[in-house]
Amino acid sequence: MKEKNFIIKGDICYSKSKDRLSCTEHGYLVCTEGTCRGVFEKVPEAYTGLPVEEYKNAMILPGLYDLHVHAPQYAYAGTGMDLELLEWLNTRTFPEEERYADLGYAQRAYTLFAEKLRESATARACIFATIHRKATEILMDELEKTGMKTMVGKVSMDRNASRGLLEAGPFQAAEEVCRWLEDISGKYKNVQPILTPRFVPSCTEKLLEELGKISRRKKLPVQSHLSENPSEIAWVKELCPWAGSYADVYQHFGLLGAEYAPAVMAHCVYSGESENERKLLKENQVYIAHCPQSNTDLSSGIAPVRKYLEEGMKIGLGTDIAGGHKMSVFQAMAEAIQVSKLRWRLTDSSLVPLKTEEAFYLGTRGGGSFFGKVGSFEPGYEFDVLIISEARLQTPAALTLKERLERIIYLSEDRDILRKYVAGERIF
Ligand code: GUN
Ligand code: FE
């Protein structure tokens, strides 16, 4: 086992709560057995003798968490964002995802994706693959090698897709999920499976029912999309007229998660407009993956994140590649603030814009809790740490730690990351 007992010294910031930062200059961050023991101004006696690595001109932050990203869409990120969701899926997304039937293509594309994720500030992520079982396993193999902790879903879809992306029927689609789970059983230390019905329009009710049964039987978490775009929501109403809301469809089939395995729903741009939906999300402690860049690129709208925070809902950030174009959770923090300002100015002055502390919380502790005790430096949290160089961000101004953190959120790039640790293991 690699050495997991050490101390990092430097300027340290993490989220204490959704609107409070803890910042310590020249602090000591202690790791033993891959677990954080806290931030100290002096090394406590119990830890004297541990090796100390000191960083200057850098900040020490928790890892970032991407609650929603599509690995196969990385190949065309940054193109074709002149469409809204449903047309974008049919003309850009489905044709690209069909290619993952070709395992050679999947290998090339997923190698690039895993390397990009490894280099990024993301420590853990919830990832969609495609319907293809073997290609999904290739993605999991590549991610396992990075040392990062990820949850990966073989996507399920048996209606309303192009022929190459349609599974033969609900039972065959459920059977494919079971075979995939058998194939990977016990194979990985860092990668876990997550059930992934694409969204209601892509899955017959029978398939949703079967996936709900698998989730219960195997105690598996669930990821999907929810209330992203007006046409999508209208379509779900047509497909499931019996449901009290879009979320109620997932709830009906046991796909909104449980104590043992939570669910994460991407977007929830319009969940603020349905009492029924918000109630279900709250009751089931469903995580919302807020994806501001995707919601802008696909003209989906602006999620009322302030309202969700006020109501104590579970929420984190997602990049939603390739609905979003950049795989950066720092950028998602900045954009969460930006879009909240536009919403406040243009449509709803009762929901005040997000502050830096809140956006940082969403990208660290808020989303991190989906994976367990991660995203903070309080004692007992898993040791997920980023060391960000400020060498490129020099200024003659005298900045506080909080201001330096703001500059990192708005201005840093992947190349500024000096070190990344996940659960005490050094990724680079
Ligand atoms: N809804 C169903 N599939 C997708 C997808 O691939 N991306 C986004 N943003 N929304 C979806
Ligand atoms: Fe998505």
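Indexing begins at 1, ligand by ligand and atom by atom, following the structure's order.
- Remark: K326 does not engage E335 in a salt bridge, criterion side-chain N to carboxylate O under 4.0 Å.
- Using a 4.0 Å cut-off between charged nitrogen and carboxylate oxygen, E209 and K206 count as a salt-bridge pair.
- Among pairs with a residue in residues 299-310, those fulfilling side-chain hydrogen bond (donor to acceptor under 3.5 Å, both in side chains) read R306-E358, at least two apart in sequence or across chains.
- Using a 4.0 Å cut-off between a side-chain N of Lys or Arg and a carboxylate O of Asp or Glu, E378 and K373 do not qualify as a salt bridge.
- Between H225 and F128, the ring-plane angle classifies as tilted under the 30° and 60° cut-offs.
- Considering backbone and side-chain atoms alike, T93 places every N or O at 3.5 Å or more from each N or O of ligand 1.
- Close contacts of ligand 1 with H267, meaning ligand atoms under 4.0 Å from a residue heavy atom, involve 9 (N).
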Worksheet item: Can you check salt bridge (charged side-chain N to carboxylate O under 4.0 Å, His left out) on E176 and K154, steps first, answer last?
Response: CA-CA 9 Å; E176 279 293 288; K154 185 206 98 64; 5.3 Å; no
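- The nearest protein atom to atom 3 (N) of ligand 1, hydrogens excluded, is given as R198 NE, 2.8 Å; this is a heavy-atom distance.
- Look at F128 and you'll find every heavy atom at least 4.0 Å from all atoms of ligand 1.
- The residues K187 and E144 are annotated as not salt-bridged, no charged nitrogen and carboxylate oxygen being separated by less than 4.0 angstrom.
- Neighbouring protein atoms of the Fe ion (ligand 2) (N, O or S, distance under 2.8 Å, waters ignored): H68 NE2, H70 NE2, H225 NE2, D320 OD1.
- Contact annotation: for W88 versus ligand 1, heavy atoms closer than 4.0 Å belong to the side chain alone.
- For ligand 1, the polar-atom distance check finds an N/O of D320 within less than 3.5 Å of one of the ligand's N/O atoms.
- Between the side chain of T35 and the main chain of Y381, no donor-acceptor pair closer than 3.5 Å is present.
- The contact set between ligand 1 and L85, taken as ligand atoms under 4.0 Å from a residue heavy atom, comprises 8 (C), 10 (N), 11 (C).
- Screening H290, E232, E228 for a side chain to side chain contact (heavy atoms under 4.5 Å, CB included) involving H267 leaves a single residue, E228.
- At least one heavy atom of Q73 sits less than 4.0 Å from an atom of ligand 1.
- Taking the six-membered ring where tryptophan is involved, the planes of Y287 and F370 are perpendicular, since the angle between them exceeds 60° and thus also 30°.
- For ligand 1 and E228, the ligand atoms under 4.0 Å from any heavy atom of the residue are 1 (N), 8 (C), 9 (N), 10 (N), 11 (C).
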